[in-house]
Amino acid sequence: MLLGDRGSRIGVSIRDLPDVDVKAGKSGVVIGEVTPDSPAATAGIKEGDLVTSFDGERVRSARQFAR
């Protein structure tokens, strides 16, 4: 799932965690792709990284995180 067509762009695609992780009580999003020379790449974000919280709030889904 590629989200983030609205608002600011940092240069990543994100996807929800696999169902098996969600059923195990985990939450967050997985970084799919990182655009070269983007703010995310400059910050050191890598493909496969897991984002579990942002700005003090727990990340529950790709849709919620993209907002």
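Please read these numbers as outputs of a predicted model, since none were measured by experiment.
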Trainee: Please tabulate, for the side chains in residues 36-43, all donor-acceptor contacts under 3.5 angstrom to protein atoms that are two or more places apart in sequence or on a different chain.
Mentor:
| unit_1 | atom_1 | unit_2 | atom_2 | d |
| --- | --- | --- | --- | --- |
| Ser38 | OG | Ile10 | O | 3.4 |
| Ser38 | OG | Thr35 | O | 2.6 |
| Ser38 | OG | Ala40 | N | 3.4 |
| Ser38 | OG | Ala41 | N | 3.2 |
| Thr42 | OG1 | Ser38 | O | 3.0 |

Trainee: Is Asp16 reaching over with its side chain to a backbone N or O of Ala62, donor-acceptor style, under 3.5 angstrom?
Mentor: yes
Trainee: Under 3.5 Å, side chain of Ser13 to main-chain N/O of Glu33, donor-acceptor pair present?
Mentor: yes
Trainee: Is there a side-chain contact between Ile14 and Val30 (heavy atoms, below 4.5 Å)?
Mentor: no
Trainee: Any salt bridge (Lys or Arg N to Asp or Glu O under 4.0 Å) pairs touching residues 53-62, not counting sequence neighbours?
Mentor: Glu57-Arg60
Trainee: Any idea which heavy atoms bring Gln64 and Val59 closest together, and the distance?
Mentor: OE1-CA, 3.4 Å
Trainee: Taking side-chain contact (heavy atoms from CB on, under 4.5 Å) as the test, write out the residues that go with Val22, two or more places apart.
Mentor: Leu17
Trainee: What distance separates Lys26 NZ from Leu50 CG, expressed to the nearest 0.5 Å?
Mentor: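 Between atom NZ of Lys26 and atom CG of Leu50 there are 8.5 Å.
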Trainee: Taking atom CZ of Phe65 and atom OG of Ser27, what is their separation to the nearest 0.5 Å?
Mentor: 12.0 Å
Trainee: Looking at every non-hydrogen atom in both residues, tell me the closest pair between Ile31 and Arg15 and how far apart they are.
Mentor: O-NH1, 4.1 Å
Trainee: With the 4.5 Å side-chain cut-off for hydrophobic clustering, are Val12 and Phe54 part of the same group?
Mentor: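 Same cluster.
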